S.K.: 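The following block contains the structure, expressed as structure tokens.
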There are 2 protein chains.
Amino acid sequence: MAAQRGQRNGVGGDTPPAPTAAEITTPIPRVAEVPAARERARAIPEAAVARLAVYLRVLSAMQEQGAVTVSSEELSAAAGVNSAKLRKDLSYIGSYGTRGVGYEVTVLIEEIERILGLTRKHSVAVVGIGNLGHALANYGGFPGRGFPVSALFDVDPDLVGVPVGGIAVHHIDDIPAVCAEREVSIGVIATPPPAAQAVCDRLVEAGVQCILNFAPVVLQVPDHVEVRKVDLAVELQVLSFHVARRADDAAAMEGRQVNGMVVS
Amino acid sequence: MAAQRGQRNGVGGDTPPAPTAAEITTPIPRVAEVPAARERARAIPEAAVARLAVYLRVLSAMQEQGAVTVSSEELSAAAGVNSAKLRKDLSYIGSYGTRGVGYEVTVLIEEIERILGLTRKHSVAVVGIGNLGHALANYGGFPGRGFPVSALFDVDPDLVGVPVGGIAVHHIDDIPAVCAEREVSIGVIATPPPAAQAVCDRLVEAGVQCILNFAPVVLQVPDHVEVRKVDLAVELQVLSFHVARRADDAAAMEGRQVNGMVVS
DNA sequence: GCCTGTGAACGGCTTCACAGCG
DNA sequence: CGCTGTGAAGCCGTTCACAGGC
């Protein structure tokens with residue numbers, strides 16, 4: 001898995017599910033009266049949401065190859081998980097399979113897209129048009145499209161006005177105005193670390209509710225804003241840890257004269 | 001990820017060094033008396049390893065500002081986690097704090113670097129010199145350096161020989177030779193999806209043990225190879241899910257006439 | 001008194017295994 | 001009979017709370 005969770009500003013503990021004043025004194029466990037859609041959506045584990053996105057991509061590929069139905073076994077193999085987990089994940093969004101047969105590809109695609117909110121387009125703004133920003137801007141139409149990059153920003157006056165990936169770069173001072181006008185719902189921060197927090201503040205000010213942060217900085221945001229962080233240095237360091245562990249293992253085995261059998 | 005087969009081997013918890021050889025009733029060949037370093041390294045939760053990398057960056061920044069000691073409270077706040085988690089994470093690598101005082105910055109940095117295997121440089125090879133590959137190649141010296149990008153590869157003959165970020169691009173057919181020569185330990189895949197598996201196979205063939213995969217593909221690798229995946233489309237879709245959930249919540253509240261209190 | 005280090009409680013994700021239905 | 005859907009068990013990481021040193 002990639003992308004560490006992280007963010008969560010909370011000073012002490014994290015906010016519990018969402019206990020309203022009413023819940024406190026309820027001595028009897030009872031079924032909540034909350035709207036079904038909301039409840040169900042909230043009940044999906046974050047980890048499962050990420051996997052649903054993967055299933056969606058696999059399903060799209062299968063659909064293009066003309067597949068009409070898939071079994072949990074096939075789909076899970078293609079997505080790199082085990083079938084029990086896949087069925088559990090799908091059960092979070094409802095029961096769309098046919099026992100003894102499998103799932104209808106088109107139905108699953110529709111349902112997953114609905115749950116992930118992909119039926120609605122989400123405009124993306126990329127801030128920081130350096131190497132990474134360039135790459136992201138040109139990525140145009142991410143796989144499993146639905147995320148049009150509709151605004152680019154940078155501090156550098158020389159970049160302002162220059163078209164990158166077909167879109168003109170604006171100055172970061174224009175973030176509020178341009179984001180509002182183009183109804184940007186997701187902001188991507190690809191600036192140097194020192195600039196990240198200021199950019200983040202501007203995005204929040206502009207009403208952006210979700211941020212994908214590539215800068216190695218812990219962003220401070222209001223509770224209603226969701227942040228996901230992609231940290232390349234961390235990824236490499238985690239890999240480094242595994243290299244080191246492996247080396248230790250090897251050294252240990254060699255030095256210990258273990259019998260021929262290798263455990264792993 | 002992969003790693004099916006439970007391979008239990010008397011690795012209890014983090015109990016004191018007391019290998020109870022008596023309890024084993026299985027005649028299965030096993031490694032007795034495992035080295036402490038290996039044991040400890042294996043016991044660190046993956047999630048904790050990722051956070052250690054974050055602490056390291058924060059500590060480096062603090063060191064540059066002249067800090068000599070930090071308390072778990074300060075460090076955890078700067079890293080965006082709670083202090084209990086931070087102390088637990090640090091306890092996995094040993095006891096380097098002073099009760100009543102805190103941790104010595106330089107000591108912590110050294111120990112974390114040691115555990116993450118950063119005392120040894122890890123050569124990185126980037127395969128696929130498109131937009132993203134370019135960005136990665138120029139990233140040169142990732143924050144918290146120690147990961148020199150020492151080889152670049154692409155299929156495109158026109159790119160071969162062209163210097164990117166100071167390094168000449170090689171053809172992917174040369175992966176085995178070049179990687180061996182430059183002792184590459186980490187491979188980064190930034191190719192289009194269809195090429196990813198083939199490139200991965202070549203890297204494995206070249207002896208690379210860890211791979212960072214940016215292609216939206218589930219790679220098949222031998223058990224001894226570690227893969228981490230960064231999937232931009234999945235990140236965006238997870239954010240999309242949250243946007244949708246928020247919208248549902250708002251709609252639900254409005255339609256339900258919830259009492260004045262706002263939950264989150 | 002203050003802050004670290006950690007056993008134990010807790011909660012959430014994963015795995016199991018089988019009931020349920022086509 | 002096959003495959004989905006799911007309660008229940010198991011496992012693992014997080015949180016709590018306090019013992020242990022300084």
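These numbers come from the heavy atoms of this one structure, side chains and all, not from hydrogens, waters or symmetry mates. None of the values given here were measured: they were computed from a predicted structure. Just so it is clear: chains get the letters A, B, ... in the order the sequence lines come, proteins before strands, and each one is counted from 1.
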S.K.: With sequence neighbours left out, what residues match E111(B) under salt bridge (charged side-chain N to carboxylate O under 4.0 Å, His left out)?
M.R.: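 Testing E111(B) for salt bridge (charged side-chain N to carboxylate O under 4.0 Å, His left out), a comparison that skips the adjacent residues, returns R114(B).
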S.K.: May I have the distance from L52(A) (atom CG) to dC13(C) (atom C1'), rounded to whole angstrom?
M.R.: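 My rounded result for the distance is 14 Å.
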S.K.: Could you list all N or O pairs between the protein and nucleotides 20-22 of chain D that sit under 3.5 Å apart?
M.R.:
{"from": "dG20(D)", "atom 1": "N3", "to": "R99(B)", "atom 2": "NH1", "distance (Å)": "2.9"}
{"from": "dC22(D)", "atom 1": "O4'", "to": "R99(B)", "atom 2": "O", "distance (Å)": "3.4"}

S.K.: K88(A) side chain: which of dG5(D), dA8(D), dT6(C) is closest?
M.R.: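 My answer, after comparing the listed nucleotides, is dA8(D).
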S.K.: Which residues pass the side chain to side chain contact (heavy atoms under 4.5 Å, CB included) test with R99(B), not counting sequence neighbours?
M.R.: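 Checked R99(B) against side chain to side chain contact (heavy atoms under 4.5 Å, CB included); zero matches.
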S.K.: Using only side-chain N and O atoms of R51(B), determine if any of them is under 4.0 Å from OP1 or OP2 of dT14(D).
M.R.: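 R51(B) to dT14(D) OP1/OP2: side-chain N or O found under 4.0 Å.
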S.K.: Calculate the interatomic distance between I44(B) atom CD1 and dT6(C) atom P; express it in whole Å.
M.R.: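 Roughly 13 Å, once rounded to whole Å.
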S.K.: Check salt bridge (charged side-chain N to carboxylate O under 4.0 Å, His left out) between R246(B) and all other residues, then give those that pass, not counting sequence neighbours.
M.R.: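 For R246(B), the residues satisfying salt bridge (charged side-chain N to carboxylate O under 4.0 Å, His left out) (neighbours in sequence not counted) are E226(A).
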S.K.: List in chain and number order the residues that pass side chain to side chain contact (heavy atoms under 4.5 Å, CB included) with E110(B), two or more places apart in sequence or in another chain; answer none if no residue qualifies.
M.R.: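 None.
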S.K.: Atom CZ of R87(A) and atom P of dC3(D): how far apart are they, to the nearest Å?
M.R.: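 For the pair R87(A) CZ and dC3(D) P, the rounded distance is 10 Å.
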S.K.: Measure from CG on D89(A) to C1' on dG12(C) and round the result to the nearest Å.
M.R.: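 Computing the D89(A):CG to dG12(C):C1' distance gives 14 Å.
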S.K.: In terms of side-chain geometry, is the basic nitrogen of E73(B) or R87(B) positioned less than 4.0 Å from the acidic oxygen of its partner?
M.R.: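 A salt bridge is absent here (no side-chain N lies under 4.0 Å from a carboxylate O).
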S.K.: OP1 or OP2 of dT14(D) sitting under 4.0 Å from any side-chain N/O of N82(B)?
M.R.: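 Checking dT14(D) against N82(B), no side-chain N or O comes under 4.0 Å of OP1 or OP2.
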S.K.: Salt bridge (charged side-chain N to carboxylate O under 4.0 Å, His left out) with R51(A): which residues, sequence neighbours excluded?
M.R.: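 Here the qualifying residues are D89(A).
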